[in-house]
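Everything below concerns the one structure shown next.
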Amino acid sequence: MQAKEFQRRILQYYQQYGRKHLPWQQNKTHYRVWVSEVMLQQTQVTTVIPYYLSFMERFPDLAALATANQDDVLAQWTGLGYYSRARNLHKCAQQVHFELNGKWPSNVEALEQLPGIGRSTAGAIHSLVTGQPATILDGNVKRVLCRFYAIEGWPGKPKVHKALWELADKLTPAQQVDHYNQAMMDLGATLCTRSKPQCDACPVQSGCAAFAAGTQKNYPTSKPKTNKPERSAIFIVAQYKQQILLEKRPEQGIWGGLWSLPQAEMDTSDDALASCLGMPLPPVTIQSLPAFRHTFSHFHLHIHPRKLVLSKKPRGVMDSDRWQWQDRSQLDALGMPGPIIQLLKNMEPAT
DNA sequence: AATCCGTGGCG
DNA sequence: TCGCCAAGGAT
């Protein structure tokens with residue numbers, strides 16, 4: 001099948017079945033499309049929608065986001081994952097608002113220089129907002145292309161990745177690129193799905209190499225397996241009256257920039273727990289709460305909570321701005337990891 | 001180039 | 001219960 005015919009069918013598919021009523025497809029602006037594209041990185045539409053609506057209510061425009069505190073931005077992102085996206089989103093807003101006078105770059109190359117915007121996201125923003133030509137290559141497009149051309153090899157491999165970009169470039173039309181790109185993502189998300197693809201309804205079935213061979217399920221080639229290591233840590237729930245001691249995590253690393261519980265090595269004794277927080281007084285009680293496991297993108301973490309009920313609020317090390325006592329009823333005001341929120345929510349109220 | 005970075009849904 | 005992976009980018 002020639003590129004022209006492929007494009008014609010994809011555009012026809014868009015007319016009939018393309019998604020046109022997603023929240024970020026209404027009142028299209030750079031700001032609204034950009035926020036949606038970043039939220040949609042590695043994240044499915046149904047997960048994003050409630051976050052997107054809430055985010056737009058809290059930060060209706062670029063100025064609102066650029067002038068907000070990072071804590072407020074991360075609080076909106078809580079539970080969505082990949083928190084560097086939120087930090088970069090905030091940085092990017094500040095750059096465009098303060099350094100570019102609110103004017104978004106008018107070409108893909110300049111868009112790609114902004115924090116959190118890579119090649120595919122830049123192409124998506126540019127094409128979807130302006131309608132001008134730009135290539136995208138997200139997970140949906142990759143899956144469609146891998147099947148259509150029966151491409152062997154995991155798409156994460158640089159060689160395969162490069163080949164996919166070249167094919168994507170070659171197939172992208174000069175006209176109606178916004179419709180074409182949207183349709184390719186819709187096709188991948190609704191018909192050419194990972195499991196049980198609905199090939200009967202596919203507009204490019206007749207040219208699909210995988211369909212012809214009946215090997216749709218073999219594409220894209222899956223990632224080589226690597227076992228995730230198991231890690232364990234003590235999480236300290238230091239409670240004074242109705243307040244919990246929180247520690248802001250460093251920007252780099254897991255849960256970067258979020259407020260979490262102070263951590264300790266597994267072999268830390270109960271006596272050492274209090275002192276490692278610099279507490280002058282021993283806590284009234286130390287109680288072990290049920291451990292649970294949380295899985296990240298690349299390791300498992302066994303969380304062993306220790307509850308320390310304090311009779312007096314300690315002073316000292318916690319005077320730095322990375323420490324904060326937060327009222328239990330106001331935990332959602334800060335960006336916090338989902339599992340930590342759950343842990344604190346499940347805990348019985350203090351006596 | 002390979003690794004790091006979350007979470008939820010699915011079979 | 002568990003492995004897989006989904007609208008990727010940064011280092």
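Chain naming here is simple, since letters A, B, ... match the order of the sequence lines and numbering starts at 1 in each.
Both A:Lys196 and A:Pro339 lie near DNA chain B, and the one whose nearest nucleotide falls closer to the 5' end is A:Pro339. Sequence order on DNA chain C of the closest nucleotides to A:Gly139 and A:Arg293 puts A:Arg293 first from the 5' end.
Considering only residues two or more places apart in sequence or on other chains, A:Arg119 meets the side-chain hydrogen bond (donor to acceptor under 3.5 Å, both in side chains) condition with none of them. A search for side-chain hydrogen bond (donor to acceptor under 3.5 Å, both in side chains) contacts involving A:Ser127 returns A:Asn181, not counting sequence neighbours.
With contacts defined as side-chain heavy-atom distances shorter than 4.5 Å, the pair A:Gln41/A:Tyr82 does not qualify. You'll find the side chain of A:His126 reaches within 4.5 Å of the side chain of A:Leu111, heavy atoms only.
Near DNA chain B, defined here as any heavy-atom distance below 4.0 Å, the residues from residues 142-179 of chain A are A:Pro158, listed numerically. Contact check of residues 13-36 of chain A against DNA chain C (heavy atom, cut-off under 4.0 Å) returns A:Arg19, A:Leu22, A:Trp24.
At least one test fails for A:Arg147 against the ring of A:Tyr219: distance under 6.0 Å to the centre or angle within 45° of the axis.
C:dA7 atom P lies 6 Å from atom CG of A:Asp138, rounded to whole Å. Here C:dC5 presents its C1' atom at 16 Å from NE2 of A:His298, a figure rounded to the nearest Å. Going from atom CD1 of A:Ile49 over to atom C1' of C:dA6 covers 15 Å, rounded to whole Å. As a whole-Å value, the separation of A:Arg85 CZ from C:dA6 P is 15 Å. Between the CG atom of A:Leu187 and the C1' atom of C:dA6 there is a distance of 16 Å, given to the nearest Å. Summarising the geometry, the separation between CD on A:Glu230 and C1' on C:dC2 is reported as 11 Å, rounded to the nearest angstrom. In this entry the distance linking CZ of A:Phe292 with P of C:dT1 reads 15 Å, nearest Å.
Centroid-to-centroid, the aromatic rings of A:Phe6 and A:Phe148 come within less than 6.0 Å. If you look at A:Phe296 and A:His294, their ring centroids are closer than 6.0 Å. Residues A:Tyr52 and A:Trp24 place their aromatic rings such that the two centres sit under 6.0 Å apart.
The pair A:Arg58-A:Asp72 meets the salt-bridge criterion, since a charged nitrogen lies less than 4.0 angstrom from a carboxylate oxygen. A salt bridge does not link A:Asp327 to A:Lys241: none of the charged side-chain nitrogens sits closer than 4.0 Å to a carboxylate oxygen. The pair A:Lys170-A:Glu166 does not count as a salt bridge, with every side-chain nitrogen at least 4.0 angstrom from each carboxylate oxygen.
Formation of a donor-acceptor pair under 3.5 Å by the A:Gln25 side chain with backbone atoms of A:His21 is found in this model. Distance alone, capped at 3.5 Å, is enough to place a donor-acceptor pair between the A:Gln26 side chain and the A:Leu22 backbone.
Comparing B:dT3 with C:dA7, their C1' atoms are spaced 22 Å from each other, to the whole Å. Of the P atoms belonging to C:dG9 and B:dG9, the separation is 24 Å, rounded to the nearest Å.
Using a 4.0 Å heavy-atom cutoff across all strands shown, A:Gly188 reaches no nucleic acid atom at all.
Note that the first and last nucleotides of DNA chain B, 5' to 3', having any atom under 4.0 angstrom from a heavy atom of chain A are B:dA1 to B:dT7.
Taking the six-membered ring for Trp and thresholds of 30 and 60 degrees, A:Trp255 and A:Phe235 have ring planes more than 60 degrees apart, a perpendicular arrangement.
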Check nucleotides 9-11 of chain C against the protein and report each pair of N or O atoms closer than 3.5 Å, with its distance, or say if there are none.
unit_1, atom_1, unit_2, atom_2, d
C:dG9, OP1, A:Gly118, N, 3.0
C:dG9, OP1, A:Thr121, N, 3.0
C:dG9, OP1, A:Thr121, OG1, 2.4
C:dA10, OP1, A:Gly116, N, 2.7

